[in-house]
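Heavy-atom basis, side chains included; hydrogens, waters and symmetry copies ignored. Numbers here simply count residues along the sequence, with the first being 1.
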Amino acid sequence: MNAKIIWIESLSYFNADALVDTAFGLAPSSGVLPKYLFYFCKSFDFTTLDSSTTLPSLTKTNIQQILFPLPPFLEQQRILTKIDTIFAQLDEIVLNLV
């Protein structure tokens, strides 16, 4: 399964013609920060849910079986702040390599 996880800030920027095969979307419920869900999806190995025999496939039933670690709202914010800080440091390191 060659899946891509992308962050779409607004559906008005979404180009459906860019999809090659099948796509699914997740929208967080209240109490879940959208970017926290995004990073969880980036780190989760969705191939473990693939039960197909020929073409890779995910079903709604497969996705509903995922155990999603949900810390309190403030902890989600703290985690996201830390991720942003680390990515900013990495960006700085990359700039200094050139």
Side-chain angles (χ1 to χ4, degrees):
M1 185 178 304
N2 188 12
K4 302 282 188 245
I5 307 289
I6 59 171
W7 173 259
I8 300 173
E9 189 73 35
S10 169
L11 290 181
S12 63
Y13 297 110
F14 184 64
N15 179 359
D17 295 332
L19 297 176
V20 175
D21 195 340
T22 304
F24 70 88
L26 297 175
S29 59
S30 63
V32 180
L33 290 170
K35 207 142 193 182
Y36 181 81
L37 176 62
F38 168 74
Y39 282 122
F40 171 78
C41 289
K42 290 284 286 184
S43 67
F44 187 82
D45 182 6
F46 285 93
T47 61
T48 62
L49 303 176
D50 182 13
S51 59
S52 65
T53 56
T54 53
L55 296 175
S57 175
L58 285 176
T59 65
K60 183 177 178 180
T61 303
N62 294 130
I63 292 172
Q64 288 173 331
Q65 294 174 6
I66 296 172
L67 296 177
F68 178 66
L70 184 59
F73 191 80
L74 291 176
E75 181 69 6
Q76 292 175 54
Q77 288 178 319
R78 188 194 68 73
I79 291 168
L80 292 173
T81 299
K82 186 66 172 177
I83 290 171
D84 289 340
T85 300
I86 291 170
F87 280 158
Q89 292 170 346
L90 289 171
D91 289 342
E92 187 68 29
I93 291 168
V94 169
L95 285 175
N96 290 327
L97 289 176
V98 179

Can you list everything that forms a side-chain hydrogen bond (donor to acceptor under 3.5 Å, both in side chains) with Q77? Sequence neighbours excluded, please.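 With neighbours one apart ignored, the set is empty.
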Output every pair passing side chain to side chain donor-acceptor pair (under 3.5 Å) with a member in residues 61-70, not counting sequence neighbours, ordered by first then second residue.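 Only T59-N62 qualify under side chain to side chain donor-acceptor pair (under 3.5 Å).
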Working to the nearest 0.5 Å, report the span between [atom1] of [X] and [atom2] of [Y].
X   : Y   : atom1 : atom2 : result
I66 : C41 : CD1   : SG    : 7.0 Å
Y36 : L80 : OH    : CG    : 8.5 Å
L33 : I79 : CG    : CD1   : 10.0 Å
L37 : S29 : CG    : OG    : 9.0 Å

Look at the side chain of Q76 and the backbone N and O of L70, then say whether any donor-acceptor pair between them is shorter than 3.5 Å.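 A pair under 3.5 Å: no.
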If every non-hydrogen atom of P28 is compared with every non-hydrogen atom of P34, which pair is closest and at what distance?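 That would be CG-CA, 3.7 Å.
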Suppose we screen for ring pair (Phe, Tyr, Trp, His ring centres under 6.0 Å). Which residues come up paired with F73, at least two apart in sequence or across chains?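 For F73, no residue satisfies ring pair (Phe, Tyr, Trp, His ring centres under 6.0 Å) once neighbours in sequence are set aside.
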Determine whether the aromatic ring centres of F46 and F44 lie less than 6.0 Å apart.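 Ring centroids of F46 and F44 are less than 6.0 Å from each other.
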Taking only residues two or more places apart in sequence or in another chain, which ones pass side-chain contact (heavy atoms from CB on, under 4.5 Å) with S30?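 So S30 forms no side-chain contact (heavy atoms from CB on, under 4.5 Å) with any residue.
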Counterpart residues, side-chain contact (heavy atoms from CB on, under 4.5 Å), relative to P72 (two or more places apart):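 Result, side-chain contact (heavy atoms from CB on, under 4.5 Å) vs P72: E75.
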What pairs of donor and acceptor atoms, side-chain ones from residues 82-98 against any protein atom, are under 3.5 angstrom apart with sequence neighbours left out?
unit_1 : atom_1 : unit_2 : atom_2 : d
T85    : OG1    : T81    : O      : 2.9
N96    : ND2    : E92    : O      : 3.2

